[in-house]
Amino acid sequence: MSGSRHLAWLLLAGLLALLATGVRAEAVGTLGAMGSDTLAGLMLRWGEELTERHPGIRLQLQASGSASAPPALTAGTVRLGPMSRPMRKAERAAFVARHGYPPVEIEVARDALTVVVHRHHPLEALDRETLDAIFSRTRRCGAQQAITRWEQLGLDELTGRIELHGRNLTSGTYGLFRQRALCGGEYRHTLNEHPGSAAVVAAVGETRSAIGYAGLNHLTASVKALALVDAEGGLHRPDPEAVRRGDYPLSRSLYLYLNLPPGEPLPGPERAFLDLVLSPAGQASVTALGFVALPEATLVSQRRRLGLAPLPHD
Amino acid sequence: MNLPSEAPPSRTRWRHRRDRLATGLIAAGGIGVILAVLAIGVFLVVEVVPALAGGGLAVERLHATLTPLAWGTLKAAFWALLFALPLALGAAMHSALFMSPRLRTRLKPALELMEALPGVVIGFVAGLVLAPWVERHLAVAALLLVTLPLGALLAGALWRWLPVALRRCLPLAWAGLWLVPWLVLLGWGAVALAPPLEGLLFGGDLRAWLDAELGLHYAARNALIVGLAMGFAVLPSVYALAEEALAGVPSGLTEGAQALGATRWQALWRVVLPAAAPGLLAAVMIGAGRAVGETLIVLLASGNTALMSLSPLEGMRSLAASIAIELPEAAPGSPDYHLLLLAALALFAFTFLVNTLAELVRTRLRHRYHRLGGAP
C-alpha cells in the first residue's frame, strides 16, 4: 500500500519538475519555417541547438527554395522565412497588402559565389569583363569579344572549347550570378544547368576544360576557386575575411524574414531562436557549415533592433 | 466435400454478394483512376488556358523557351530508341522464335528485372560514372560502340561458314550464351587497341582532333550518353511487349508456312512479322512514350543545355527534366510557372495519346490472334 503511495508522490514530483523546467525555458512551441534550400542545413543545425537549449521548442522546416518563403509568410502559414536573396519589391508589397506592415529582415550569415575550375587548371584569376565574355552572350560588362575557347585567354597548357556549368533558371544562385557577374545579361545557351551547386562542383571537378560557379560552402578539393580582379586591378580571393568585409565582388547575404507587427515584442520561441542565431554559438555553426559568420558589429546592431539582450562579453 | 451444391443456400447467397461487392470495388477503383488521370488533364488546362488567353505569356517568349525543350525531348528520345529498338526487337525475335525454351525461361525474368531498376539509379550511374569515364576514354568508347554491334553481326556471318560438326556444338538456340565470351573478347581487344589506334590516327587525342578537324565539340554530358542510359531503361518494356506479340502468333501459321517449304527465316519475315506487326508497333510506341516522359535520366546525364543542335556529342534539355528542376522553385502564378505547366500539359497530351494508341493497337491484335485460333 505505502509502495503505491510513494509512487504517486514520485509521479507528482516528476510532473512538477517538468512544469518547472517548462516555466524556466519560458517558451514552448513549434516554430514553422519555409524557404531557401541553401540555408536548409544551417536552419536544421540551429533547430537542433535550439531544442538542446530549450527542450520545449521545435523547429519545423520546409526547404523548397527562396521563392516559396514570401508566399508562405504572406499567407501566414509560417512566421519565419529563410531566403538566400533579399525579398523583391512585389513580394514585399504582397506581404504589406495582407498584413499592413513590412516583414522584419534579419541578416543571419554571409555567403559568396565562387567561380570554379578543375584543380589542375592553369588559370588563377579572372576579371569581370572576361568572366562575362565567357559566360554570357550579351557581354554587357563591356568585353569586346566573346570567349569560347581557352586559347583566347593565352593559356598554353590548355586548349579547346570552354565547357560552362551553372545552376538552373529559378535558383537564387543563377539569378545572382547573372545580375552580378554578367551585368544582368543572358547566359550562353551552352550552359550546363545542374539542379544543385554540389552537382556543378562535381561536374567541374572531373573535366579540365570546364568552368562553373557555386556557393562557397560547396567547394571540394576537386576544384579550385578563382580570384576575381576588380576594375582597379585589385585581386580578391573568396576567403572568409574578404567575404565578411564585402570586398569579394560576388558576396551575398543570407536572410531570415520574420512576420512581426511593429511595436510588439518577439514571441518566446522566435526570441529564443534569434537569440541563438545572432550569438557567437549560432555564428560558429555558420562557419562550421562553410558559410561566413557576420561581423560582430552587425550582430550587436541587429540584436539591439530586435530587442534581444546584449551579447554576453567574456 | 465443399461443393457449391452441398453448401447451404445462405452461404451461396453470401458468396454472390461478396462477388458483387468485389466487382463493384474493382470497378470503382478503375473509374477512380480514370477520373484521377482526367483530373490531372483538367487541372493543367484550367491553369494554363487563362494565362495563354489573357496574354500572360508572350508568344515569342513561349517560342524561345519551349522550342529547345521540345527539340531536346525528341533528340533524347531519338537516340534512346536508336539504341534500344534494334536490341529490344532483335532480342524479342530471337527469344520468341529461336531461343531454347530452357534459356528463355531464365533470360526473360532477368530482363524483366532490368525494368525494375529505378530511373534515378540509371541516371546517376550514367551522369556520374559513365559520362566521366567516356570523356576520359573517348577513343575506347567510340571503338566499343563500333565493334560490339559489328562483332555480333560478324558472329552470325561466321557461324554460317562453320563446319557442320562445330555448328552443332554452337546451336543457334543457345546463341545468347556463346555470344558472351565472343563479345567480351572483342571488347577486350577494343580496349587494348584503342590507345595505339588513337595515337596513330588522331594524334593521341580524339577529342582535340574532332574539335580541330571537324569542328565537333564533345560535351561530357551528351545525347549519346543519354541515349545509352535511357535506351537501357526503355529496352526491357519494348522487349517484353514485342516478345509477347511475337510469341502470341498462332503456331499454326508458322508451322503451315514451314510445311509449305519456307525456311525458318522466311517464315519469320513473311508470316510472323506481318502478323505481329501491330504488336511490335505498339511496343515501339510504348518505348517512345517512356523515352519522352523519362525525367531523371535526362536530368542527371544530359547537362540540361537548352541547345538546338543535331550533334549527338552535345547535350540537350528536355521538357520533363525542366519541369523537375524548375517547378519546385517557380513562384505559383508567375509566367515561369505557367510556362512549366504548359510544358507539363504538352508532355501529358503526348504520352496520353501514344499510350492510348498503343493500347488500342494491342487490343485489336489480341482479337486478331483469337480469330486465327491462337492462344487468347
Side-chain angles (χ1 to χ4, degrees), chain A residues 35-38 62-72 74-75 84-85 88 90-91 94 148-151 158-175 186-196 198-200 202-210 212 222, chain B residues 64-65 68-69 71-72 123-124 127-129 131-136 205 207-212 215-222 295-296 299-309 311 313-317 321-337 339-340:
Chain A
S36 161
D37 58 347
T38 309
Q62 198 175 335
S64 38
S66 293
S68 63
T74 304
S84 62
R85 57 168 172 82
R88 297 205 180 97
E91 290 166 343
T148 56
R149 306 183 62 88
W150 287 113
E151 298 90 291
L158 192 64
T159 57
R161 275 267 275 271
I162 300 175
E163 209 171 279
L164 304 174
H165 294 271
R167 284 297 311 277
N168 55 295
L169 178 71
T170 42
S171 90
T173 311
Y174 177 101
E186 295 289 329
Y187 285 98
R188 260 180 220 298
H189 289 302
T190 47
L191 178 76
N192 282 271
E193 292 185 17
H194 296 270
V200 176
V204 172
E206 73 203 15
T207 313
R208 275 186 51 122
S209 58
S222 65
Chain B
T65 322
L69 298 189
W71 172 262
F124 184 78
L128 279 110
V129 182
W133 187 86
V134 171
E135 196 195 6
R136 260 178 278 133
D205 190 352
R207 201 173 156 181
W209 185 85
L210 278 177
D211 188 23
L216 274 179
H217 174 58
Y218 180 86
R221 285 136 209 269
N222 56 47
T295 310
L296 283 157
L299 194 150
L300 290 163
S302 76
N304 302 307
T305 46
L307 287 175
M308 298 261 304
S309 82
S311 165
L313 301 182
E314 287 186 310
M316 85 296 273
R317 186 187 180 107
S322 288
I323 297 168
I325 304 181
E326 309 291 1
L327 202 51
E329 291 189 66
S334 68
D336 281 340
Y337 180 79
L339 212 59
L340 288 169

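Worth saying up front: this structure is predicted, and the values here are computed from it rather than measured. Within every chain, numbering begins at 1; the chains are lettered A, B, ... in the order of the sequence lines, protein sequences first and strands thereafter.
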Using non-hydrogen atoms only, which part of R207(B) is less than 4.5 Å away from chain A: side chain, backbone, both, or neither? side chain
Which bit of P195(A) comes within less than 4.5 Å of chain B, counting heavy atoms only: side chain, backbone, both or neither? both
Taking atom OH as the centre, does Y174(A) end up with more than 12 heavy-atom neighbours from other residues, nucleotides or ligands that are less than 6.0 angstrom away? yes
What's the spacing between N192(A) CG and R221(B) CZ if we round to 0.5 Å? 7.0 Å
Which atoms of S68(A) approach chain B - backbone, side chain, both or neither, heavy atom under 4.5 Å: neither
Could you give the distance from CD (E193(A)) to CZ (R317(B)), rounded to the nearest 0.5 Å? 4.0 Å
Counting only heavy atoms closer than 4.5 Å, note whether S209(A) contacts chain B via side chain, backbone, both or neither. side chain
OG1 of T305(B) to CD of E163(A), rounded to nearest 0.5 Å, is 9.5 Å
I need the residue from H194(A), H165(A), R161(A) with the largest number of non-hydrogen atom pairs under 4.5 Å to chain B. R161(A)
Checking R149(A) against chain B: side chain, backbone, both or neither under 4.5 Å from a heavy atom? side chain
Under 4.5 Å heavy-atom distance to chain B, tell me which part of R88(A) shows up: side chain, backbone, both or neither. neither
Heavy-atom cut-off 4.5 Å, strictly under: side chain, backbone, both or neither for E326(B) against chain A? both
What part of A208(B) is in contact with chain A, defined as an atom under 4.5 angstrom from a non-hydrogen atom: side chain, backbone, both or neither? neither
Applying a strict 4.5 Å limit to non-hydrogen atoms, the region of A199(A) in contact with chain B is neither
